[in-house]
Amino acid sequence: MRRFLRIITSFGIAILASVPAHAIQFDGFFTVGAAIHDDDTNKNNPLANGRENVYIGSLGDRGITQDLTFETDTRFGLQISSEVSEKMSVVAQLLARGTISNFDAIIEWAYMDYEFNDWLSLRAGKIKQPVYLVNDYVEVGFAYPWIRPPVEVYYLNNPLNTVNGAGLLMSFPVGPGTLSFQPYIGSNRDDIPNTQGNAFFEAENIVGIDVKYSGRGYTVHASNFKCEVDTFGSLTDVPTAFGFPVDVDLNGKGDCDVTSAGLTFDLANILVYAEWQERTTTDTLSRPFGDQDAWYTTIGYRIGKWLPHLTYATIDGKASTVDPGAIECGQNAPGGQCVTPIGTVPSGTPLFNFPIAVQSSITAGLRYEVNDSAALKFEYAVVDVENDPSELASTNNPLGINYGLFVTDLTLAPPAEKVGIASIALDVIF
């Protein structure tokens, strides 16, 4: 890995050295943040071995724990752009953020941009997938009011946030604003979230489009993409907090369909964000990725340098009913059987598919403009993880197991119904 990074670094330096210095532009951003939650459900769980539930409320994969952590939201990014010719430019973003292996640097996106004329350009390479309102600058905390975008919506499409492919950008003046269309095609490959690196997916034939209309102080957009996905991976003889071991088979194949819509309004000190997203899947792909829908609304009001804001967000859906279920009674279950809430079943009996997340949250936040390039933010969120068996049964979850947007680690008991999360961050652009 280190040798690979040295090669990439040397290659990058060689490219930069071959371009006139005046043609290269550097822009950067930095966030230092800390977060903590108050869930201690697994305090006396013998299977936990000191571990605890981890909230996925971050752009990295360290998550938020019961211990104060700075890795979750701390990140550094550098955008490098260069005009190769009058119509062609190259743009790349390097991003370093907290991950399981501590603090890793990746090429978040890198593409060639060719401008045919004033209204049409082509991007090719590793491009941002145009799905969300703050899609193009989701890592740049200074650019939006929250410490992190509402995870109920922004995690739903994860990790399909970039594609290796090409897209067109078409923009036209219409009335008082600009109407743009961004069709794109591509592919992607990454680890499946929530599986601790034991499973991955390959998404092919990603085809999508984003339509956006922007004016002074407002933006509305709608997007859709479809893809063909293969999933690979499994876990064997996993002990659970429910008293029986399970085997997990995440191998699958199917199609995805993701639709989003959103708007933002910023005028006369009033700030509004609202987004909705729905994901549906087919066939055995649905076993690890059930159907989900999510939305949020944020409203804020500027008072001088202060911006207090309030966000309500929710995520719901239905787990797959495709047989056989991805999670089954473990082959090494004691006595060859599992005693579950739905009865005693022999080893190898499919139990259910990967549960979908069901939760809502209310977040109170405060942003302070330190200067034109820095903002200090405070947030406190109350996350309500659904634990009503009747409500969970309606989501095709017969065992009533719901981790919400906490890591689905079956060796740990699900979090308490309400969990408080406190966060602080300083965002800087340069």
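Please read all numbers here as calculations on a predicted model, not as lab measurements.
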Specify the closest pair of heavy atoms between Ala274 and Leu133, including all atoms of both residues, with the distance to one decimal. O-CD1, 3.8 Å
Kindly compute the distance separating CD (Gln129) from CD (Gln182), expressed to the nearest 0.5 Å. 10.5 Å
Report yes or no: does Tyr213 contribute a side-chain atom to a donor-acceptor pair with the main-chain N or O of Val174 at less than 3.5 Å? yes
Would you check if there is a donor-acceptor pair between the side chains of Thr162 and Glu108 at a distance under 3.5 Å? no
Donor-acceptor check, side chain of Gln292 to backbone of Ala357, threshold 3.5 angstrom: yes or no? yes
Leu426 and Phe30: CA distance, side-chain angles, deciding distance, side-chain contact (heavy atoms from CB on, under 4.5 Å) verdict: CA-CA 8 Å; Leu426 176 67; Phe30 176 69; over 6 Å; no
Between Glu115 and Lys87, is the closest basic N to carboxylate O distance under 4.0 Å? no
Using the ring pair (Phe, Tyr, Trp, His ring centres under 6.0 Å) definition, which of the options Tyr380, Phe406, Tyr55 pairs with His37? Phe406
List the steps and the verdict of side-chain contact (heavy atoms from CB on, under 4.5 Å) for Arg123 and Val91. CA-CA 10 Å; Arg123 292 177 176 179; Val91 184; over 6 Å; no
Do Thr65 and Asp67 pair up side chain to side chain, a donor and an acceptor below 3.5 Å, judged on atom types alone? no
What heavy-atom pair brings Phe430 and Gly77 nearest, and what distance separates the two atoms? CZ-O, 4.3 Å
Which heavy atom in Leu250 sits nearest to a heavy atom in Pro288, and how many Å separate them? CD2-CB, 3.6 Å
Would you say the ring centers of Tyr218 and Phe265 fall short of 6.0 Å from each other? no
How about Asn117: does its CG atom have over 12 heavy atoms from other parts shown lying under 6.0 Å from it? yes
For the residue pair Thr311 and Thr298, confirm or rule out a side-chain donor-acceptor distance under 3.5 Å. yes
Can a donor-acceptor pair be found, under 3.5 Å and without considering hydrogens, that links the side chain of Thr41 to the backbone of Ala416? yes
Heavy atoms only: give me the nearest Tyr301-Pro308 pair and the separation to one decimal. O-CD, 3.0 Å
Distance, nearest 0.5 Å, that separates CZ of Arg279 from OG of Ser260: 11.5 Å
Backbone of Val272 reached by a side-chain donor or acceptor of Thr264 within 3.5 Å: yes
Is the closest side-chain heavy-atom distance between Trp146 and Lys377 below 4.5 Å? no
Check against salt bridge (charged side-chain N to carboxylate O under 4.0 Å, His left out), Lys128 and Glu139: CA-CA 12 Å; Lys128 273 289 186 182; Glu139 299 89 4; 2.6 Å; yes
Residue pairs involving residues 389-406 (criterion side chain to side chain donor-acceptor pair (under 3.5 Å); sequence neighbours excluded): Asp388-Ser390
Is the backbone of Pro415 close enough, under 3.5 Å, to the side chain of Asp39 for a donor and an acceptor to pair up by distance? no
Sidechain-backbone polar pair: Arg216 side chain, Leu267 backbone, donor-acceptor under 3.5 Å: no
Under the 3.5 angstrom rule, does the side chain of Arg287 hit a backbone N or O of Pro324 as a donor-acceptor pair? yes
I need the minimum non-hydrogen distance between Pro355 and Ile401, along with the two atoms involved. CB-O, 3.7 Å
Using the side-chain contact (heavy atoms from CB on, under 4.5 Å) rule, take Gln277 and Val131 through it: C-alpha gap first, then chi angles, then the decisive distance, then the call. CA-CA 9 Å; Gln277 187 173 79; Val131 176; 3.1 Å; yes
Distance, nearest 0.5 Å, that separates CG of Leu310 from CD1 of Ile299: 8.5 Å
Ring centres under 6.0 Å, that's the criterion: do Tyr312 and Trp295 meet it? yes
Residues that Asp384 engages under side-chain hydrogen bond (donor to acceptor under 3.5 Å, both in side chains), provided they are two or more places apart: Lys418
Could you walk me through whether Leu285 and Lys253 pass the side-chain contact (heavy atoms from CB on, under 4.5 Å) test, one step at a time? CA-CA 5 Å; Leu285 169 65; Lys253 183 181 182 68; 5.9 Å; no
For Asn251 and Phe232, work out which heavy atoms get closest and say how close. OD1-CA, 3.3 Å
For the residue pair Leu392 and Glu386, establish whether any side-chain heavy-atom pair is separated by less than 4.5 Å. yes
Minimum side-chain heavy-atom gap Trp109-Ile127 below 4.5 Å: no
Going by atom types only, do Asn371 and Ser373 share a side-chain donor-acceptor pair under 3.5 Å? no
Under 3.5 Å, is there a donor-acceptor pair between the Arg148 and Thr72 side chains? no
Answer yes or no for Arg75 and Phe29: cation-pi contact, defined as NZ/CZ to six-membered ring centre under 6.0 Å and angle to ring axis within 45°. no
Interatomic spacing from CD in Glu204 to CD in Glu202 - rounded to 0.5 Å: 6.5 Å
Do the non-hydrogen side-chain atoms of Asn42 and Arg51 ever get within less than 4.5 Å of each other? no
Quick one: does Asn188's side chain have a donor or acceptor within less than 3.5 Å of a partner on Val163's backbone? no
Please check this pair: side chain of Asn205 against backbone of Glu228, looking for a donor-acceptor N/O pair closer than 3.5 Å. no
Would you say the side-chain atoms of Gln359 pair up with the backbone N or O of Val383, donor to acceptor, closer than 3.5 Å? no
Testing the 3.5 Å rule here: is there a donor-acceptor pair between the side chains of Thr236 and Asp247? no
For the atom pair CG (Leu179) and CE (Met170), what is the distance rounded to the nearest 0.5 Å? 9.5 Å
Test item: side-chain donor near acceptor, Asp427 and Thr31, under 3.5 Å: yes
Test item: Ser361 and Glu152 side chains (from C-beta on) under 4.5 Å apart, heavy atoms: yes
For this output row, return yes or no: ring centroids of Tyr273 and His309 closer than 6.0 angstrom. no
Would you call Phe354 and Ile327 a side-chain contact if the rule is heavy atoms closer than 4.5 Å? yes
Between Phe289 and Phe201, what is the ring plane arrangement, given parallel below 30°, perpendicular above 60°, and tilted in between? perpendicular
Residue pair Asp283 / Val322, side-chain heavy-atom distance below 4.5 Å: no
Donor-acceptor pair between Tyr132 and Glu275 side chains, under 3.5 angstrom: no
Asp323 side chain near Pro350 side chain, heavy-atom distance below 4.5 Å: no
Nearest-0.5 Å distance that lies between atom CG in Leu366 and atom CG in Leu376: 8.5 Å
